[in-house]
Q: 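Okay, here's the structure, questions in a sec.
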Amino acid sequence: MKVKRIVANINTKDIEAAKCFYQDVLGLDLMMDHGWIRTYGLNEEMSIQISFASQGGSETPTPDLSIEVDDVDATLDGMKRAGFPIEYGPVDEPWGVRRFYVRDPFGKLINILAHED
């Protein structure tokens, strides 16, 4: 047996609210739309990971999702322009990532990060 995919499901009455954050700013594609559920993603191979944490590191709250991007600062600028509240960072963490925390339209705490080169 092998896990093929892990999908995060966020309960909401307003699925349209996801478009600006996940598609417009983060650049994910709308991969499925059944009206009651929309799935955003990319048709690329990605690592499958699930983390369990007592905190988010640096004594921050544990984020609901972590999203790795190729350019943290460009993503931060996009989030700010779109009006999403930044709650932490940007900061270069001692374990080798640059990151910030932002709230998505559903109040979920999202850790946006890139590994330092």
Q: With side chain to side chain contact (heavy atoms under 4.5 Å, CB included) as the test, pick out the partner of Y22 among D29, L30, I10, T39.
A: I10
Q: Do you know which two heavy atoms are closest between F21 and V25, and how far apart they sit?
A: O-CB, 3.6 Å
Q: Output yes when R98 and E93 qualify as a salt bridge under the 4.0 Å nitrogen-oxygen rule, no when they do not.
A: no
Q: Check whether V7 and M32 end up in the same hydrophobic cluster, where Ile, Leu, Val, Met, Phe, Trp and Tyr are linked by side-chain heavy atoms less than 4.5 Å apart.
A: no
Q: Can you name the closest pair of heavy atoms from M31 and L42 and give their distance?
A: SD-N, 3.5 Å
Q: Kindly compute the distance separating CG (D71) from CG (D77), expressed to the nearest 0.5 Å.
A: 8.5 Å
Q: Is there a donor-acceptor pair closer than 3.5 Å between any side-chain N or O of D64 and the backbone N or O of L109?
A: yes
Q: Return the NZ to NZ distance between K2 and K4, rounded to the nearest 0.5 Å.
A: 7.5 Å
Q: Does the side chain of Y88 reach to within under 4.5 Å of the side chain of R99, using non-hydrogen atoms?
A: yes
Q: With a 4.5 Å cut-off on side-chain heavy atoms, are E87 and T60 touching?
A: no
Q: State the OH-NZ distance between Y40 and K19, to the nearest 0.5 angstrom.
A: 7.0 Å
Q: Could you see if L28 belongs to whatever hydrophobic cluster contains L65? Use Ile, Leu, Val, Met, Phe, Trp, Tyr and a side-chain cutoff under 4.5 Å.
A: yes
Q: Give, for atom CD1 of I37 and atom OG1 of T12, the distance between the pair rounded to the nearest 0.5 Å.
A: 12.0 Å
Q: In this structure, would V91 and V97 fall into the same cluster of hydrophobic residues linked by side-chain contacts under 4.5 Å?
A: no
Q: Please report the shortest heavy-atom distance between S66 and N111, naming the atom on each side.
A: OG-ND2, 3.1 Å
Q: Which atoms form the tightest heavy-atom contact between G35 and I15, and what is the distance?
A: O-CD1, 2.9 Å
Q: Answer whether the closest heavy-atom distance between the side chains of R103 and I110 falls below 4.5 Å.
A: no
Q: To the nearest 0.5 Å, what is the distance between CD (E68) and CD1 (I112)?
A: 11.0 Å
Q: Pair L113, V69 - check side chain to side chain contact (heavy atoms under 4.5 Å, CB included), show working.
A: CA-CA 6 Å; L113 69 113; V69 298; over 6 Å; no
Q: Does Y101 use its side chain to pair, donor to acceptor, with the backbone of P61 at less than 3.5 Å?
A: yes
Q: Please round to the nearest 0.5 Å and tell me the distance separating atom OG1 of T75 and atom CG of D70.
A: 7.0 Å
Q: Kindly give the heavy-atom pair with the smallest separation between G56 and P63, and that separation in Å.
A: CA-CD, 3.9 Å
